[in-house]
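See structure below.
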2 protein chains.
Amino acid sequence: MHSFTEENYLKAIYKLQEANGLIVATSALAQVLEVHAPSVTDMLKRMAGKKLVTYQKSKGVKLTEKGRQVAVGIIRNHRLWEVFLVDKLGYKWDEVHDLAEQLEHIHSEDLTNKLDMFLGFPKADPHGDPIPDANGILPKSKAVLLSTLKMGERGTFTGVTDHTPAFLNYLDKSGISLGNSIKVKAIEEFDQTYTIQLKDKKDTVISYKVANSLLVNKVETT
Amino acid sequence: MHSFTEENYLKAIYKLQEANGLIVATSALAQVLEVHAPSVTDMLKRMAGKKLVTYQKSKGVKLTEKGRQVAVGIIRNHRLWEVFLVDKLGYKWDEVHDLAEQLEHIHSEDLTNKLDMFLGFPKADPHGDPIPDANGILPKSKAVLLSTLKMGERGTFTGVTDHTPAFLNYLDKSGISLGNSIKVKAIEEFDQTYTIQLKDKKDTVISYKVANSLLVNKVETT
DNA sequence: TTAATAAATTAGGTTAATCTAATTTATTTT
DNA sequence: AAAATAAATTAGATTAACCTAATTTATTAA
C-alpha cells in the first residue's frame, strides 16, 4: 500500500499534469504540497524507485500508468466522499474539501464501490467535477469557461475552476448554482465585466475573475 | 492533532485498562499492537511528555483524563462507522472491523456528530458494543457472559466478547443473532457444553468457549 | 534469601519524510 | 556568449516510529 504522503504527491502530480501540460516541475510540486524543494526531490526519487513516476533529473516528473491509476483512484474516492458529505450528511459545498482530503486515503476498493452504489452512481461531485469510474476512466468534459462566451451566447453552469470556500460562498450569495442556465447579456469592453441572465430572468453583474472561474456547457445557437 | 500511532496506543491502553484492571504493562501493549517491547517503552515516554498517559518506569501506564477522552472519541468513531458500513452500505458484521480501524482516525468532531445523526443516534455497533456519546460517556452495561447463567435461566443476546470473523460467522451459521432470547436448557457437567433454546424453540448445543464469548442481559426470573 | 526466569529498559541503528545551507544546473537577459 | 537569475540538487540534520542486542529490574521458585 502507498503512504498518505505518496498519495498526495501522486494527486498533485496528476493535477499539475492535467493543468499545465506534460512534465511537472519540482518547484510546482513544492508549492502545492507546501513543502520545500529538496523534500520533493527526495520523495520523487523514492517514488521513481517504486515505478510510480518517471523522474528526469533537473527536468521534472511524469506519472507512470501505475501512478496514474493510483492518482485517479484517490480522486474517485475524494469526489465520492464529497457527494456523501453533501447529499447524506447535509454539509455545504464549501465545507467538504478538507474532510474529503482525509477520507480519500481510506484504502478499500470495495468500500469505494459500495459507497458509489449507495450514492446512486453520481457522475459529478458537489462542485461539478466529474467522478472517475471504477476503471479509472474520467469522462472528457466539453465545458468551457464562461469568460469565453460572447454576447448573447448561452450555457449551463456545470463546474468551477476555483474551489475556495470564499468563491463558493460568493456564488451562493449571488444565487448562482450548478445546473443554472446562463445567458451573456453584456460584456463591458473597459473591464470585461459580464452581465448575465440567470434562469429566473434576474440580471447579475459579475467580474471577469468570476466569469473566468465558471465552467459552462455551451448551448449551441442553431 | 494526534498521530494514528498515538491514537492506536491510546485505544489499546484504554481497552486493556478496562479488561485487566488499572495499570497496563509494556508487554501487553506490545502484544496487542504487534510491535516489540522497546518500541512501546519509547512511545510511552513520548506520550507521557504530551500528558496523554502517566508512565511509571518498569511498572506500566495509565491514561490521563486527556488520554481517555481521545481514546473514547476514537472508539465512538469506530463504532459509528461500523454502523454506517453495515446499515447503509450493506456490509456484514464480520467484515467491518478493518475498515472501521481506518475510518476511526478521521479527525472531525463535527463529522462524527453528523454521522451519528444520519445513523439515527444508534446505541450500539453491529456487534452490540455500546457507542459512547458526544461527551465521551459510555453507558455501563449490565450484560453478563452466557457461561455464568445456570440451568433454566434466560437472557437476551446483546453482544460478543470475541470479535473475530471466524466466531461471528459461526454465530451466523448457527442462527444466533443479536437480540435473540436465549434459555439455558442444559449444562453438561463433564465438558460444560450448553444446550440452549433460541427464540424459535430450536435447541442448539454450544461449547463452553462459545457460551463464554456471548453477552446476555439476564432476565430475572421473578 | 538466593537463584532462575520473565519483563522492561537502555544503547545504538534504520527508514520515511521533512528541513536548512551550500552547490550545481538551467534559463534568461544583456 | 557571458553574466545574472532562477530552479534543482547534494550534503548533512532532525523527528517519529520502529528494530535487535545487551543490560537492568522485577517476580517467582527453589
Side-chain angles (χ1 to χ4, degrees), chain A residues 1-13 16-17 19-63 66-67 70-71 74 101-102 104-105 107, chain B residues 1-13 16-17 19-63 66-67 70-71 74 101-102 104-105 107:
Chain A
M1 215 39 37
H2 310 101
S3 69
F4 285 17
T5 305
E6 278 174 342
E7 294 187 349
N8 285 333
Y9 272 80
L10 289 171
K11 196 172 47 143
I13 296 166
L16 289 167
Q17 214 170 263
N20 317 318
L22 284 164
I23 206 157
V24 175
T26 302
S27 54
L29 279 169
Q31 204 206 313
V32 311
L33 293 167
E34 298 182 275
V35 296
H36 290 230
S39 311
V40 175
T41 301
D42 225 58
M43 190 66 187
L44 293 182
K45 284 179 184 169
R46 267 194 303 266
M47 290 171 72
K50 296 183 182 178
K51 309 281 184 217
L52 292 167
V53 298
T54 55
Y55 170 60
Q56 289 174 272
K57 181 140 77 177
S58 289
K59 303 210 81 183
V61 273
K62 289 189 208 182
L63 294 179
K66 183 180 167 193
V70 177
I74 296 159
E101 293 261 296
Q102 293 186 59
E104 72 190 5
H105 299 292
H107 291 126
Chain B
M1 217 35 40
H2 310 100
S3 68
F4 285 18
T5 306
E6 278 173 342
E7 293 186 350
N8 286 332
Y9 272 80
L10 289 171
K11 197 172 45 143
I13 296 165
L16 288 167
Q17 214 170 264
N20 316 319
L22 283 164
I23 206 156
V24 175
T26 303
S27 53
L29 280 169
Q31 206 206 314
V32 310
L33 293 167
E34 299 181 271
V35 296
H36 290 229
S39 311
V40 175
T41 302
D42 223 57
M43 189 69 185
L44 294 181
K45 285 180 185 169
R46 267 195 302 268
M47 289 172 72
K50 296 183 182 179
K51 309 280 182 217
L52 293 168
V53 297
T54 55
Y55 171 60
Q56 290 175 271
K57 180 138 80 177
S58 289
K59 304 211 78 183
V61 274
K62 288 190 208 180
L63 294 180
K66 185 181 166 193
V70 176
I74 295 159
E101 292 263 295
Q102 293 187 56
E104 72 190 5
H105 299 292
H107 291 127

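Chain naming here is simple, since letters A, B, ... match the order of the sequence lines and numbering starts at 1 in each. For the numbers below, each heavy atom of this structure counts, side chains included, while hydrogens, waters and symmetry mates do not.
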Please tabulate, for the side chains in residues 22-34 of chain B, all donor-acceptor contacts under 3.5 angstrom to protein atoms that are two or more places apart in sequence or on a different chain.
none

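Rounded to the nearest 0.5 Å, atoms NE2 (A/His2) and NZ (A/Lys50) are 7.0 Å apart. The CD atom of A/Glu101 sits 6.5 Å away from the CG atom of A/Asn8 when rounded to the nearest 0.5 Å.
Distance CD (B/Gln56) to C1' (C/dA7): 16 Å, rounded to an integer number of Å. The distance between atom CG of B/Leu29 and atom C1' of C/dA7, rounded to the nearest whole Å, is 13 Å. Protein atom CD of A/Gln31 is 13 Å distant from nucleotide atom C1' of D/dA7, rounded to whole Å.
Judged by distance alone, with hydrogens and angles left aside, the side-chain atoms of B/Glu7 form no donor-acceptor pair with the main-chain N or O of B/Ile74 at under 3.5 Å. In this structure, B/Gln102 contributes its side chain and A/His107 its backbone to a donor-acceptor pair below 3.5 Å.
End-to-end axis angle of the helix from C/dT1-D/dA30 to C/dT30-D/dA1, using five pairs per end and rounding to 10°, comes to 0°.
Surrounding NZ of A/Lys59 are at most 12 heavy atoms belonging to other residues, nucleotides or ligands under 6.0 Å away.
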For a quick check, with a 4.0 angstrom heavy-atom cut-off, what is the B/S/- contact string for nucleotides 15-27 of chain C, read 5' to 3'? -SBBBBB------
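For the side chain to side chain contact (heavy atoms under 4.5 Å, CB included) test with B/Tyr55, the passing option among B/Lys45, B/Lys62, B/Arg46 is B/Lys45; the others fail.
Listed pair B/Thr41 / C/dT10 fails the phosphate criterion, with no side-chain N or O lying under 4.0 Å from OP1 or OP2.
Between A/His105 and A/Phe4, the ring planes lie parallel to each other; the angle is under 30°, not in the 30° to 60° tilted range.
Each of C/dA7, D/dA8, C/dT10 was ranked by its minimum atom distance to the side chain of B/Ser27; first place goes to C/dA7.
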